[in-house]
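Since the structure comes first, as structure tokens, the remarks are kept for the end.
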Amino acid sequence: MTEKKLNRIIFHYLKNKEVNVFTEIPFLSRIIDIVVLKEEGIYSYELKLKNWKKAIEQLKDQRIGSNYSILCMPNENMSSNVKQKIINELSFYGFGFELWDQKNHKLIKILKPKPNKLVNRTLSKKLETNLSQFQ
Amino acid sequence: MKHFLRFGSHQENKVFINSWVKNQVQGLAFNANVIAHTPTAIHKFININFPNTSYFIDPQTYMFQLDPIKYYSSAEKNTHKKVLKKSVETLVNEYGEPAKSIANTLEPLTNQDFEKSLENFTENVINFQLNYLQEEYNKRESEGYEDYDDNDSRISPQYIIPPYFYLTFEDFKPWLELNKKAYEIAIDNHSPKLNLLPQLVFEKHVLLDDSKIKQIIDYYNNIECDTILLWIDDFNENDVSYEYINAFVNFLKKLNKSVINLYGGHFSLLLCKEQYLEGFCHGPGYGEHRPVKPVGGGIPNAKFYLPFTAKRENFPQAYSVLSLKHLLSGDNNHYYKHVCDCNKCKEILGTNPTADKFAAFGEYEPSRKTGREIPTQETLYNNHIHFVLKRLSDLKDVTIEKEIKKFKDFIQWNKEHKEVSVSHLENWIKILDNNGK
């Protein structure tokens, strides 16, 4: 599995469940892996195979334009110890956590994201504009 | 305290000539390649905007030690043959042998290459700094190109830097010897008429080698000069470990000369306050550290100078810190008291600094080239002006005690919020706190 493949799989999975799903959206010199536009706001997904610490830094940057931020990783080979560490760290910032179950082909919701307190109206609108511009 | 703002390219013109900045600039620094590239434009820039501001030119003689093909050549349009970049070609023609030979060989020079013609080379390097701008201006004027009205347009640098060479960890001694010889030639021929300042450039690992540091100290403590210009290769005050920053300060303590750090940031400012440095230099928003071997630029980022961390943070980080500290809540006393009261901040944030207004420091636009977003020119400009104005006011206002307290408070706050890296502040405090004891 590569990060690109994970991105493809999850993008199609979400696309089957939601109407407004976008991938690889530029935002403030970064690229957000997946963005889902829902009634309650913008959900940003950062997908990683391993480097979850880097993902948290990326989520911290994205949260100023998104209402909810979620880290998504493959379920395979993740020890419960690492899983707990990730959960603790994500909870600190109010980020969500979902694991991709390749066997059953579904996303398992581990941690529900809290609304980002730091979302900036101007930047959030900018991200919304980018959804249509870059898609 | 001496403070120099380094002019890196003409894109930065706007920052330097901003009326808030211009009137406060104490000194200017130019690299020789910038001078060689556009001499008349620089002449005009100095003469019109900074006629009474002192400046110096870094002759960049270390560059001939580096591989020309890798670091300062480009491919010819038609033949794709590698040739020296235009500005470097001008420099080697001005400096003469042995530098001139690299135009044909495209090979780095050895210390033996310099030994043969060091006297002439030294004279040419000094002449370039003294006369090149004026000569080029005079040429253009006689051709009728330059039109700015100016009765006495003669300009000359405050300091003259003899040829200097890069001291690597591996290849240290021969280049140190060459530095000595070049400086002695310059002194013999031009002291006391010219204000000659030696420039010392070395790899940062040298700081951890007592024997090499001793050799540097032994030599530079005994030469005829009051001030040394210092450049430690890619020494980033905000990033190096305690071991390095401590070795740096110990090195300064052992030198009995005034030192101007050519690439320094807020820590250098604090060292000036502690009188370990005489001055420091940087560009308008970058250049607080610089590698000797040039590296290509990456994707530009909007970076806001955050006084709490005393460094430029990526916009999202700066924004998050300020928001979480409730400094963008619309209460003007808060922001202007605790963050910055420079004219740029006031212009953008007005009487009620809010998160939405602050977004002007982080405006991005799509880039077709990169497929990403890049900061708008206006955003880069806003951030540069804020950075320079804050730095200029810090030169006057900062005290060590207040800074240590501010850093300690912020480290405590950051422990609870885990927003940014503060290890550099912890290192600085360890050093500055110990100094008082």
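Letters A, B, ... mirror the listed sequences (proteins, then strands); counts begin at 1. All heavy atoms count here, side chains included; hydrogens, waters and symmetry mates do not.
- Heavy atoms from other residues, nucleotides or ligands lying under 6.0 Å from NZ of A/Lys38 number more than 12.
- Residue A/Leu123 touches chain B through its side chain alone, counting heavy-atom pairs closer than 4.5 Å.
- A distance-only check finds a donor-acceptor pair linking the side chain of B/Tyr319 to the backbone of A/Leu118 [under 3.5 Å].
- Heavy-atom distances place the side chain of B/Asn301, and not its backbone, under 4.5 Å from chain A.
- The 12-atom threshold is exceeded at CD of A/Gln102, counting heavy atoms of other residues, nucleotides or ligands nearer than 6.0 Å.
- Counting heavy-atom neighbours within 6.0 Å of B/His37 NE2, excluding the residue itself, gives a total of 12 or less.
- Contacts of residues 404-421 of chain B with chain A at a heavy-atom distance below 4.5 Å involve B/Glu416, B/His417, B/Lys418, B/Glu419, listed in sequence order.
- Between the A/Lys126 side chain and the B/Tyr364 main chain, a donor and an acceptor come within less than 3.5 Å of each other.
- Residues of residues 304-316 of chain B lying under 4.5 angstrom from chain A, judged on non-hydrogen atoms, are B/Phe315, B/Pro316 in numerical order.
- Put simply, the side chain of B/Glu373 gets close to the backbone of A/Leu28: a donor and an acceptor are under 3.5 Å apart.
- Remark: B/Ser323 OG to A/Ile64 CD1 distance equals 8.5 Å, nearest 0.5 Å.
- Residues A/Ser29 and B/Pro300 approach most closely at CB-O, 4.3 Å, considering heavy atoms.
- There is no contact between B/Leu328 and chain A, counting heavy-atom distances below 4.5 Å.
- If you measure heavy-atom distances from A/Tyr93 to chain B, the contacts under 4.5 Å come from the side chain alone.
- When heavy atoms are compared at a cutoff of 4.5 Å, A/Lys117 does not approach chain B at all.
- Between the side chain of B/Arg372 and the backbone N or O of A/Pro26 there is no donor-acceptor pair closer than 3.5 Å.
- In this structure, no portion of B/Pro375 lies under 4.5 Å from any heavy atom of chain A.
- The local environment of NE2 in B/His326 is sparse, with at most 12 non-hydrogen atoms from other residues, nucleotides or ligands closer than 6.0 Å.
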### Task
Take B/Ser320 and A/Arg63 through the side-chain contact (heavy atoms from CB on, under 4.5 Å) test and state the conclusion after the steps.
CA-CA 9 Å; B/Ser320 300; A/Arg63 74 190 147 159; 3.4 Å; yes
